[in-house]
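First up is the structure itself, then whatever we jot down about it.
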Amino acid sequence: MQYWLMKSEPDLFSIDDLKNRPKQTEHWDGVRNFQARNFMRAMRAGDRAFFYHSSCAEPGVAGIIEIAREAYPDFTSWDPKSPYYDARSKPEKPYWYMVDVRFERKLKRLVPLTELRQNRALKTMRLLARGNRLSIMPVSANEWKTILEMAQAR
DNA sequence: GCCAACGTTGGC
DNA sequence: GCCAACGTTGGC
């Protein structure tokens, strides 16, 4: 099983929003970056991901989600009314992809970005790399474990 | 709202 | 294929 981190702006879509969806499942649309798209295509059903809250008062890791369906074409990409519309993408030749995610649980507390930065065990974590803006990225087993432990502390 | 950092685009 | 210009991300 692989581990991932997926960013979302909680004002638009938070972990509680996912929790309140029917079947606690939702598709992860709107990814318009090649690296992030390629990571999504590498995801397998059953993989776990951290749900990360970004661009908000307290950015950080909020909870755990499961990959419920592997990558399939992001249909918002050929919908002219969607803010994620991209003329290069057609139903017969999709350009962008999405996965379905299922709510697993919230962490006991949100682990804020400031704490992640202070933890020496996470020194090489991709999320914390200078200038990183990827919205989807892999997480190592050690990083995963470290962050789970941080959520239990305090 | 600012701005650093980065990805993408497009002229050449 | 280079690289300047532009747009976007996301923390602060």
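To find a chain, count down the sequence lines: A is the first, B the second, and so on, and within it residues start at 1. Keep in mind that what you see is a predicted model, and the values were worked out from it rather than measured.
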Whole angstrom value for the distance that separates P of B:dC6 from CD of A:Gln35: 12 Å

Interatomic distance where CZ belongs to A:Phe34 and P belongs to C:dT8 [whole Å]: 15 Å

N/O donor-acceptor pair under 3.5 Å between A:Ser8 side chain and A:Phe13 backbone: yes

DNA chain C-proximal residues of residues 54-65 of chain A, any heavy atom under 4.0 Å: A:Ser54, A:Ser55, A:Pro59

Nearest-nucleotide pick for A:Arg133, side chain only, options being B:dA5, C:dG10, B:dT8: B:dA5

Presence of A:Lys7 side-chain N/O under 4.0 Å of C:dG10 phosphate oxygens OP1/OP2: yes

Whole angstrom value for the distance that separates P of B:dT9 from CG of A:Asp86: 8 Å

Whether A:Arg32 side chain and A:Tyr85 backbone form a donor-acceptor pair below 3.5 Å: no

Partners passing salt bridge (Lys or Arg N to Asp or Glu O under 4.0 Å) against A:Arg44 (at least two apart in sequence or in another chain): A:Glu70

Phosphate-side-chain proximity, A:Tyr52 and C:dG11, N/O vs OP1/OP2 below 4.0 Å: yes

Spacing of A:Asn132 atom CG relative to C:dT9 atom C1', expressed in whole Å: 10 Å

Check against side-chain hydrogen bond (donor to acceptor under 3.5 Å, both in side chains), A:Asp86 and A:Trp96: CA-CA 9 Å; A:Asp86 184 339; A:Trp96 299 112; 2.8 Å; yes

Whole-Å gap separating C1' (C:dT8) and CG (A:Leu134): 13 Å

Distance in angstrom units between A:Asn33 CG and C:dG10 P, rounded: 9 Å

Taking every non-hydrogen atom, the tightest pair across A:Lys7 and A:Leu5: CG-CD2, 3.9 Å

Short side-chain N/O contact from A:Arg88 to OP1 or OP2 of B:dT9, under 4.0 Å: yes

Closest listed nucleotide, where the reference is the side chain of A:Leu113 and the choices are C:dC12, B:dG7, C:dG10: C:dC12

Closest nucleotide among C:dG10, B:dG7, C:dC12 to the A:Thr114 side chain: C:dC12

Donor-acceptor contact present, side-chain A:Thr76 to main-chain A:Asp74, <3.5 Å: no

Atom pair distance, as rounded to whole Å: CG in A:Leu127 and C1' in B:dA5: 15 Å

Donor-acceptor contact present, side-chain A:Glu58 to main-chain A:Val111, <3.5 Å: no

Euclidean distance, atom OH of residue A:Tyr84 to atom P of C:dG7 [Å, nearest integer]: 19 Å

